[in-house]
Amino acid sequence: MTSKEMTTMTLASGVAAGAATQAVAQTDSAAVDNAFNTLKTYDWGADRAALNPIDQAIIASHGDAVARKALEKRLVGALAGGLSRSAQDYVCRKLRVVGTAQSVETLAALLPAEQTSHIARYALQRIPDEKATEAMRNALPKVSSKLKPGIIGSLGVRRDNKSIEAIAQLLGDSDLQVAQAAAQALGLIGTPTAAKELSKFAKSVSANMKVPVADACLICAEQLLADGKKSEATALYGQLKGDDQPAHVKVAAMKGMLAAATKK
Amino acid sequence: MANQKSKPAKDQGTSYSRRTFLQATAASVALPYLIPASAMGKDGNTAPSNRIVMAGIGLGNMGGGDLESFLGRGDVQYVAVCDVKRDVRDGRMNHVNEKYGNKDCKAYNDFREVLARGDIDAVHCATPDHWHALVVIEACRNGKDIFCQKPETRTLREGRLMINAARRYSRVVSGGSQRVLEDYRKTVDACWGGSKGIVKSINVNVGPLPTDCNKAGEPVPDGFDWDRWLGPAPWAPYHPHRCSGSYNIDGTSWRSFKDYSGGGLTDWGAHHFGGATFALDVRELEPEEVLFHNENGKKYATCRYPNGKLLHHNCPGRGNLDVEGTSEQGPSKPVPGYAGTGGIDGDFIDCVKTRNKPFRDIELAVHTATVCHLFLIAYELERSLKWDTVKQQFVNDDEANRLVDVARREPWVL
């Protein structure tokens, strides 16, 4: 590799040579180009090592916003250009680490398809940008029942307050896995609004939703307590100490009430 | 068996926080609710109605060994087996039924059906690692105690979720490394006995790191629920090496691959780092920093604990479980050990009866797994990282924080 190649590090066409830092420049640009070419035909059974230069470029570009953005752009371009499932899998794993708002639109396009929904969330759930949350929130009403639990789960992990209404409507879904995911997500979101929805639903819960809803209420109450909302937490705990609950849930509720009563 | 210096985990000199005290108080107030009826029997000729009613989930290599151990106990009644491979679950079911001379043991493909049974007190879990958190948490919320094989977690976030579930429902949750106490006993005794002086650091040599798996697909064997085996992991085509339960970590078993395991660093690391943190007496702590070193291409790393103690991984020039101490005689204190009889499995069963914390309580086990994951992330990013033990986040490093957890494949959520 020539010194000129070393310094240009053409992660993306149009990137100015001077933009790359020394660290990024040390990555072999020709090897990165080859890896991106390989990606176009990469499929199950191909040698994973052929993509290692991209892995190394990601490590080397840490702290170099320009180079990182160029690398992300190139990954997104590859994904949008049509890849095998294995190559899509690879790119989404990389975007989990380097993805930003500029990746969201392309990833969001993969959410409705059964083959790609999860791997798109694999990236989106971990991209710390509101646009990623928004994309999953918008996809929720459009995807099949099979995919809904995943998107609900991701919104729950991100504690998306704006999804509460939509998720709460799914508590009574005829698909038990959708309904259970909805309960769990509301528990994780853990706001007073989420608590109200859980509390309302818990009053007439069916037998097969009893355990998930009780669990969600306890998790929600713990979050409320951690956020200093003692009265809301106590109310939720109080709902779970009745004889209609199994012993371990009643004990959990009593412990929670005690914790709430003594919390300063 | 624990030696004479051992004492049950319940007597360990833990400093209790106010929260822990309140939880303990509430738990003791509610004790009648917590002891399963079947846990009231005595050792020896325990009547069937007084035995701990157990089931096993994930019954391949390790699970088969665990099953034998629990099945051989007079105070356990084994009633259900669960595995995604039909031949495995049917074989285990027949074995259990032959042992008891009846047809009472049932076989399941879906672990949730096992955990929903009201007659089961406790379960053991030896699924691949990517299933552990889901199974343990589901067990806790169904009021079951659980013995979970190591390494207990696949991601950092899973650890805290598992601890919270165990504490929320006052469950006995034991991790699974018997080697922590049994293999490294001499080192632990030396460190806790003071002959190593003030222990400053320990090195662990273990590997390899996990890799991505891109193996081509093959036809799924008859009777194997491949989708259920993958579970929360990204979809991938079936290949025997992808899912083999072999103990080899050379690309021919699930232990080799990132989606299901942390490679040798977590698989054997759960043992070695468990022993090292025991010897170093930092089992109840998490590191606050992981330092990545690259000396002329030789990469290794070090975890630094809040009390200044160091846990090295693959430090050049140092052997496995190599202790660095001071020259003077150090302080001495008793070494904790198992309760009951029958090693780590017996410790778990004893704790199911007494409601004490097991030797390998989930919190201590998770701390070991956390060490492994901190090392993995430092190696993946090739840089040093600071870990906020309270927030369970890396400090000022959004990129590292993305690696704290993964999105799970639907319908599995945590």
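Reminder, nothing fancy here: chain letters follow the sequence lines and each chain counts from 1.
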Enquirer: Please rank B:Asn214, B:Asn164, B:Val406, B:Val413 by heavy-atom pairs under 4.5 Å with chain A and give me the top one.
Expert: B:Asn214

Enquirer: Contact between A:Asp175 and A:Lys148 at the side-chain level, heavy atoms closer than 4.5 Å - yes or no?
Expert: no

Enquirer: Counting heavy-atom pairs closer than 4.5 Å to chain A, which one of B:Leu403, B:Asn401, B:Val404, B:Leu381 comes out on top?
Expert: B:Leu403

Enquirer: Taking all non-hydrogen atoms of both residues into account, name the closest pair between A:Ala260 and A:Thr234 and its distance.
Expert: CB-OG1, 3.4 Å

Enquirer: Should B:Asn142 and A:Val211 count as side-chain neighbours, where that means a heavy-atom distance under 4.5 Å?
Expert: yes

Enquirer: Quick one: are B:Arg355 and B:Arg171 in side-chain contact, heavy atoms under 4.5 Å?
Expert: yes

Enquirer: Tell me which of these, A:Arg96, A:Gln177, A:Gln180, has more heavy-atom pairs under 4.5 Å with chain B than the rest.
Expert: A:Arg96

Enquirer: Given a strict heavy-atom distance threshold of 4.5 Å, which part of A:Val98 is in contact with chain B: side chain, backbone, both, or neither?
Expert: backbone

Enquirer: Given that the side chain runs from C-beta out, which part of A:Asp89 has a heavy atom under 4.5 Å from chain B: side chain, backbone, both or neither?
Expert: side chain

Enquirer: I'd like to know which of A:Pro128, A:Ala185, A:Gly156 tops the heavy-atom pair count under 4.5 Å against chain B.
Expert: A:Pro128

Enquirer: Heavy-atom cut-off 4.5 Å, strictly under: side chain, backbone, both or neither for B:Asp405 against chain A?
Expert: both

Enquirer: Output, in order, the C-alpha distance, side-chain angles, deciding distance and verdict of salt bridge (charged side-chain N to carboxylate O under 4.0 Å, His left out) for A:Arg137 and A:Glu130.
Expert: CA-CA 10 Å; A:Arg137 194 190 306 137; A:Glu130 171 60 19; 2.8 Å; yes

Enquirer: Quick one: what part of A:Asp43 sits under 4.5 Å from any heavy atom of chain B, side chain, backbone, both or neither?
Expert: backbone

Enquirer: Examine whether an atom of A:Leu147 lies under 4.5 Å from a heavy atom of chain B, and if so say whether it belongs to the side chain, the backbone or both; otherwise answer neither.
Expert: both

Enquirer: Relative to chain A, which of B:Arg157, B:Glu399, B:Lys215, B:Glu138 shows the most heavy atom pairs under 4.5 Å?
Expert: B:Glu399

Enquirer: Do the charged groups of A:Glu222 and B:Arg168 touch, with an N to O distance under 4.0 Å?
Expert: yes

Enquirer: Identify which part of B:Ala116 has an atom lying under 4.5 Å from any heavy atom of chain A, answering side chain, backbone, both or neither.
Expert: neither

Enquirer: Could you look at A:Ile151 and say if it's the side chain, the backbone, both or neither that has a heavy atom under 4.5 Å from chain B?
Expert: neither

Enquirer: Let me know if A:Tyr90 has heavy atoms under 4.5 Å from chain B in its side chain, its backbone, both or neither.
Expert: neither

Enquirer: Could you tell me which portion of B:Arg408 (side chain, backbone, both or neither) has an atom closer than 4.5 angstrom to a non-hydrogen atom of chain A?
Expert: backbone

Enquirer: Does NZ in A:Lys131 sit with more than 12 non-hydrogen atoms of other residues, nucleotides or ligands closer than 6.0 Å?
Expert: no

Enquirer: With side chains defined as the heavy atoms from C-beta onward, is the minimum distance between B:Val173 and B:Cys140 less than 4.5 Å?
Expert: yes

Enquirer: Contact between A:Gln56 and A:Ile59 at the side-chain level, heavy atoms closer than 4.5 Å - yes or no?
Expert: yes

